[in-house]
Amino acid sequence: MTELTRATEDQRLSGAELSEAWRILDAGERVDGFRLLSPTEGEEFFLALSAHDQFELMAALTPAERKLWVRLLAPDDAADLLQEAPEAERPALMALFDEPTRREVTTLLAYAEDDAGGLMSPRFARVRPEMSVDEAILYLRKQASQKLELETIYYAYVLDNQQRLLGVVSFRDLFRAKGASAVRDVMHTDLVSVPENMDQEAVGRLFAQHDLVALPVVDSEGRMKGIVTFDDIVDVVQEEATEDIHKIGGSQALDAPYLEVGLPSMVRKRAVWLAVLFLGEMLTATALGFYVDEIERAAILAVFMPLIISSGGNSGSQASTLVIRAMALSEVRLRDWARVLRREIASGLALGLILAAIGFLRIVLGHELGGKYGEHFLLLGATIGLSLLSVVLWGSLAGAMLPFLLRKLRFDPASASAPLVATIVDVTGLIGYFSLASWLLRGTLL
């Protein structure tokens, strides 16, 4: 039994202390610790939890406690919580909300989770263009008093009678304007908005591009549906980056923090890619089978196989990682494939020449110091050097072009993982290495 479970009612725990211990506590200990927080700290702690942790905490609370805490959530956060719950448990959770929130959450759940509509909050500050500045300020104060979520009050959005978005006015502009001025005279019409079906990654790029704290979401007819705030998109960017990193590493994306993923799920998500890569590497053994005679006659060639394989795989992994990240940041688009190809040809040749020189010197110095490469050491050095040049060039091209191919086929470019690229380059690199060796060394070592 931990100190948390031995604490008495008159003892208080800080949110920072509970947050630090949260990951190592079981469900019962988390509830005990949460109940030791003061009301203010409890509210702050609960709202700071991820939707996954909020749901797990809710599942361990009493029905009365659930109703108390769930009503603190903004509609978009409530929708995230419901998406964490199994389908059978959602109606019971939905019943905990008041009627207005229930309607808002139902609307949000109709959108795809990774669309702007699924991220937005339907609660935002709104005014009419014909209002005076004084009337607008009074109306905004009234909205705030009706528990409009404070996190959404950055700008006031100007809507017409059909709820179409006409413009936006900052609170600063309202307070600086003359009270008798009309809102339409102080609003900005050159605003940035996003369609309700825009992908969350594209929304994130707009935030970065325009340095905004909130973006209005509109439907196909220009009617405003809600806003996406900066703190919402920060979570999305983190999730997307985590997913891409998992894929680049050769694994399916985890759907929970690492230490909270069950062992069967962890094995399943990693085994699929490992099996695919293993089957790919079996082609390496098949390729080697065609060159058994060459290896028997010149066993020294086998010594340099790991050098050739790793160099090609490393260059391919570098190129794929750079291109995938550039695509994620919209620095590179599908139409840029030819420019990337030219750059990688130049880069691959330069990098290949560097490694080829190092490999050739390795053979020459090894012969001078040990004399173990025989009288044809220069030909062997040339074979290793040219093989390194070709495999590094090929690895760079394969690693750079594979993400473009996947994007063209409408797959996630991050699926061009470093292990996948390395596997492809391993097989083809070995074929190139032994083919080159057969040509250069025939009549000497072979």
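Residue indices begin at 1 and follow the sequence shown. Computed from a predicted model, the values in this text were never measured in an experiment.
With a 6.0 Å radius and a threshold of 12 heavy atoms from other residues, nucleotides or ligands, Y111 has its OH atom above the threshold. Within a 6.0 Å radius of CZ in R270, other residues, nucleotides and ligands contribute 12 heavy atoms or fewer. Heavy-atom neighbours of W337 CH2 from other residues, nucleotides or ligands within 6.0 Å: at or below the threshold of 12. For CZ of R325, the number of neighbouring non-hydrogen atoms (other residues, nucleotides, ligands) closer than 6.0 Å is 12 at most. Enclosure of atom CZ in R343 is not indicated, since only 12 or fewer non-hydrogen atoms of other residues, nucleotides or ligands lie within 6.0 angstrom.
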Worked verdict on L402 versus L405 for side-chain contact (heavy atoms from CB on, under 4.5 Å): CA-CA 5 Å; L402 187 56; L405 177 61; 4.2 Å; yes
Stepwise side-chain contact (heavy atoms from CB on, under 4.5 Å) test for T229 and V213: CA-CA 6 Å; T229 57; V213 293; over 6 Å; no
Full working for side-chain contact (heavy atoms from CB on, under 4.5 Å) between Y155 and M187: CA-CA 10 Å; Y155 312 103; M187 71 180 185; over 6 Å; no
CA sep, side-chain torsions, deciding dist, call: T189, L166, side-chain contact (heavy atoms from CB on, under 4.5 Å): CA-CA 7 Å; T189 56; L166 303 178; over 6 Å; no
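Between V340 and E344, some side-chain heavy-atom pair lies under the 4.5 Å cut-off. The shortest distance between side-chain heavy atoms of Y433 and I309 does not fall below 4.5 Å. Contact annotation: the side chain of L441 never approaches that of L436 to less than 4.5 Å [non-hydrogen atoms, C-beta and beyond]. No side-chain heavy atom of F304 sits under 4.5 Å from any side-chain heavy atom of L388. In this structure, R141 and I137 have side chains that are in contact, with non-hydrogen atoms separated by less than 4.5 Å. Counting only heavy atoms from C-beta outward, the side chains of M198 and L206 approach each other to under 4.5 Å. The closest side-chain heavy-atom distance from R407 to P403 is not below 4.5 Å. Taking 4.5 Å as the limit, some side-chain heavy atom of L49 sits within range of a side-chain heavy atom of W22.
Closest approach of V391 to I308, counting heavy atoms only: CG1-O, 3.8 Å. Here the closest heavy-atom approach between residue I233 and residue G204 is recorded as CG1-CA, 3.5 Å. In terms of heavy atoms, V421 sits closest to S317 at CG1-N, 4.1 Å. Across all non-hydrogen atoms, the minimal contact from L72 to L47 is O-CD2, 3.9 Å. A pairwise comparison of heavy atoms in G313 and V425 identifies N-CG1, 3.9 Å as the closest pair. The minimum heavy-atom distance between L406 and D412, with the atom names listed, is CD1-O, 4.0 Å.
In this pair, Y157 and F124 present their aromatic rings perpendicular. The plane angle is above 60°, beyond the 30 to 60° band.
Sorted by first then second residue, the salt bridge (charged side-chain N to carboxylate O under 4.0 Å, His left out) pairs that include residues 217-228, not counting sequence neighbours, are D219-R223, E221-R223. The salt bridge (charged side-chain N to carboxylate O under 4.0 Å, His left out) analysis of residues 91-109, with sequence neighbours excluded, yields the pairs E99-R102, E99-R103, E104-R123. Identified under the side-chain hydrogen bond (donor to acceptor under 3.5 Å, both in side chains) test for residues 377-397, with sequence neighbours left out: W394-T428.
How far CG of L334 is from CZ of F404: 7.0 Å, rounded to the nearest 0.5 Å. Note that CZ of F55 is 12.5 Å distant from CD of Q83, once rounded to the nearest 0.5 Å. Put simply, CG on L355 and CD1 on I384 are 12.5 Å apart, with the number rounded to the nearest 0.5 Å. Considering CG of D199 and CG of D114, their distance stands at 5.0 Å, rounded to 0.5 Å. Annotation: the span from L61 atom CG to W69 atom CH2 amounts to 9.0 Å, rounded to 0.5 Å. Atom CG of L18 sits about 10.5 Å away from atom CD of E20, to the nearest 0.5 Å.
A distance-only check finds a donor-acceptor pair linking the side chain of Q54 to the backbone of F46 [under 3.5 Å]. For the pair N314 (side chain) and S311 (backbone), a donor-acceptor distance under 3.5 Å is absent. Under the 3.5 Å distance criterion, the side-chain polar atoms of E41 are matched with a main-chain donor or acceptor of G15. Counting only distance, with no hydrogens or angles, the side chain of D115 and the backbone of G117 share no donor-acceptor pair below 3.5 Å.
One finds a salt bridge joining R23 and D53 here, because a Lys/Arg side-chain nitrogen approaches an Asp/Glu carboxylate oxygen to under 4.0 Å.
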